[in-house]
Amino acid sequence: MNPLTRLEETLSPDLARWLHAAEGDLSLAWRTCPRPDWLIQIALALGVDRSLVVHAALEVAVDAVSRHRIADLRPRRALMTALGWIDGRAPGTETWARGFAANEVAEALEGPARHAAHAAACVAFACDDQADEAYYAHRAYAALAVGHAASALDPARCCVTIRDRIPLAVVLERFDVASRPPPPLPLALDPAEITYSFYS
């Protein structure tokens with residue numbers, strides 16, 4: 001199976017259709033993707049380093065929160081705590097608490113400011129120490145954060161920020177790794193020793 005087709009199977013239908021139109025050129029797709037949340041979804045599906053993905057979402061969310069000057073400090077605190085998580089100074093439990101606080105603020109706001117506060121909350125929720133890679137990618141809080149931020153900012157500006165934080169070379173390297181077939185299982189048995197008896 002074509003490696004890009006295999007990647008498409010793990011993505012949302014709209015993104016998979018758009019990626020399919022790139023005709024196997026992931027480099028072109030990454031450079032021309034019009035939606036920042038799709039860039040994050042691709043990075044998650046390829047297993048790009050979690051802290052790199054969260055950092056990209058964080059920068060976009062910081063831009064959104066700063067631009068809309070939310071008076072309540074809880075979204076900013078959520079973002080600062082997420083930065084602490086990236087640097088290894090804050091546990092995921094603390095970021096989640098800050099995320100719930102930022103969500104509370106978002107519910108009291110309207111328009112772009114509401115989206116900006118939700119972006120901050122989702123970045124905090126993306127700092128999950130416990131989730132394995134597949135579950136983490138499925139929850140996709142980093143992609144949700146970027147989607148909210150793009151509703152408060154110019155999406156093209158968000159895409160530039162993400163491409164700056166997650167370089168194409170990193171994406172292609174992860175795609176190369178993900179495209180390789182798994183190695184054969186190491187079997188230390190001599191074929192002559194293999195028996196199909198239930199009792200052996």
Side-chain angles (χ1 to χ4, degrees), residues 10-16 18 33-46 48-87 89-166:
T10 67
L11 301 171
S12 64
D14 287 348
L15 173 53
W18 182 86
C33 182
R35 286 182 49 174
D37 57 326
W38 283 0
L39 288 171
I40 294 293
Q41 285 181 45
I42 292 169
L44 288 170
L46 292 174
V48 170
D49 181 72
R50 192 178 296 187
S51 62
L52 195 60
V53 173
V54 173
H55 208 153
L58 172 76
E59 287 190 17
V60 172
V62 165
D63 195 7
V65 169
S66 300
R67 177 158 295 218
H68 293 288
R69 297 195 174 109
I70 299 167
D72 194 306
L73 295 178
R74 286 177 286 177
R76 288 177 191 272
R77 287 183 188 132
L79 293 170
M80 290 301 295
T81 309
L83 184 58
W85 178 85
I86 292 167
D87 294 339
R89 294 179 287 107
T93 50
E94 187 179 342
T95 62
W96 270 70
R98 298 282 192 190
F100 284 118
N103 248 350
E104 238 178 71
V105 175
E107 293 306 317
L109 297 172
E110 294 180 357
R114 180 186 183 113
H115 284 293
H118 273 308
C122 288
V123 168
F125 293 145
C127 302
D128 192 336
D129 298 321
Q130 305 302 318
D132 66 29
E133 293 299 328
Y135 185 59
Y136 180 82
H138 175 71
R139 290 171 79 171
Y141 279 119
L144 287 172
V146 168
H148 279 296
S151 296
L153 298 167
D154 172 25
R157 175 186 175 115
C158 299
C159 287
V160 168
T161 300
I162 292 165
R163 290 188 192 103
D164 285 347
R165 177 54 63 182
I166 307 174

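Every value quoted in this text rests on a predicted model; they were computed, and no experiment measured them.
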d(Ile42 CD1, Ile162 CD1) to nearest 0.5 Å is 10.5 Å
Of all the heavy-atom pairs spanning Asp128 and Arg50, show the shortest one and how long it is.
-> O-NH1, 2.8 Å
Kindly compute the distance separating NE2 (His68) from CG (Asp63), expressed to the nearest 0.5 Å.
-> 8.5 Å
Can you see which heavy atom on Pro75 is nearest to which on Ile70, and at what distance?
-> CG-CG2, 4.3 Å
So do the side chains of Asp14 and Trp38 get within less than 4.5 Å of each other, counting heavy atoms only?
-> yes
Look at atom CD of Glu110 and say whether more than 12 heavy atoms of other residues, nucleotides or ligands are closer to it than 6.0 Å.
-> no
In short, Arg76 meets Arg69 closest at the heavy-atom pair NH2-CA, 4.5 Å
Examine the side chains of Asp49 and Ser51 and answer whether a donor and an acceptor come within less than 3.5 Å of each other.
-> yes
Asp164: side-chain hydrogen bond (donor to acceptor under 3.5 Å, both in side chains) partners, not counting sequence neighbours | none
Salt bridge (charged side-chain N to carboxylate O under 4.0 Å, His left out) pairs, two or more places apart, involving residues 141-154 = none
Quick one: are Trp85 and Val54 in side-chain contact, heavy atoms under 4.5 Å?
-> yes
Side chain to side chain contact (heavy atoms under 4.5 Å, CB included) between Leu144 and Asp37, intermediate numbers included | CA-CA 7 Å; Leu144 287 172; Asp37 57 326; over 6 Å; no
Aromatic ring pairing Tyr141/Trp96, orientation class (parallel under 30°, perpendicular over 60°, tilted between) | perpendicular
Spacing of Ile86 atom CD1 and Leu58 atom CG [to the nearest 0.5 Å] | 5.0 Å
So CZ of Arg35 and CD of Gln41: to nearest 0.5 Å the spacing works out to 7.5 Å
Calculate, to the nearest 0.5 Å, the distance between atoms SG and CH2 belonging to Cys33 and Trp18 respectively.
-> 4.5 Å
By side chain to side chain contact (heavy atoms under 4.5 Å, CB included), which residues pair with Ala119, not counting sequence neighbours?
-> Ala61, His148, Ala149
Quick one: do Leu79 and Leu83 satisfy side chain to side chain contact (heavy atoms under 4.5 Å, CB included)? Show the steps, please.
-> CA-CA 6 Å; Leu79 293 170; Leu83 184 58; over 6 Å; no
Heavy-atom closest contact (Ala101 atom, Arg74 atom, distance) = CB-CD, 3.8 Å
Do Val60 and Pro36 come close enough that some side-chain heavy atom pair is under 4.5 Å?
-> no
To the nearest 0.5 angstrom, please state how far the SG atom of Cys159 sits from the CD1 atom of Ile40.
-> 9.5 Å
Correct closest heavy-atom pair for Ala102 and Ala78 would be CB-CB, 4.0 Å
Minimum heavy-atom distance Ala142-Val53, with the two atoms named = CB-CG1, 3.8 Å
Could you give me the CA-CA distance, side-chain angles and deciding distance for Arg114 and Glu107, then say whether side chain to side chain contact (heavy atoms under 4.5 Å, CB included) is met?
-> CA-CA 7 Å; Arg114 180 186 183 113; Glu107 293 306 317; 2.9 Å; yes
Report yes if some heavy atom in the side chain of Phe125 is under 4.5 Å from a heavy atom in the side chain of Thr95; otherwise report no.
-> no
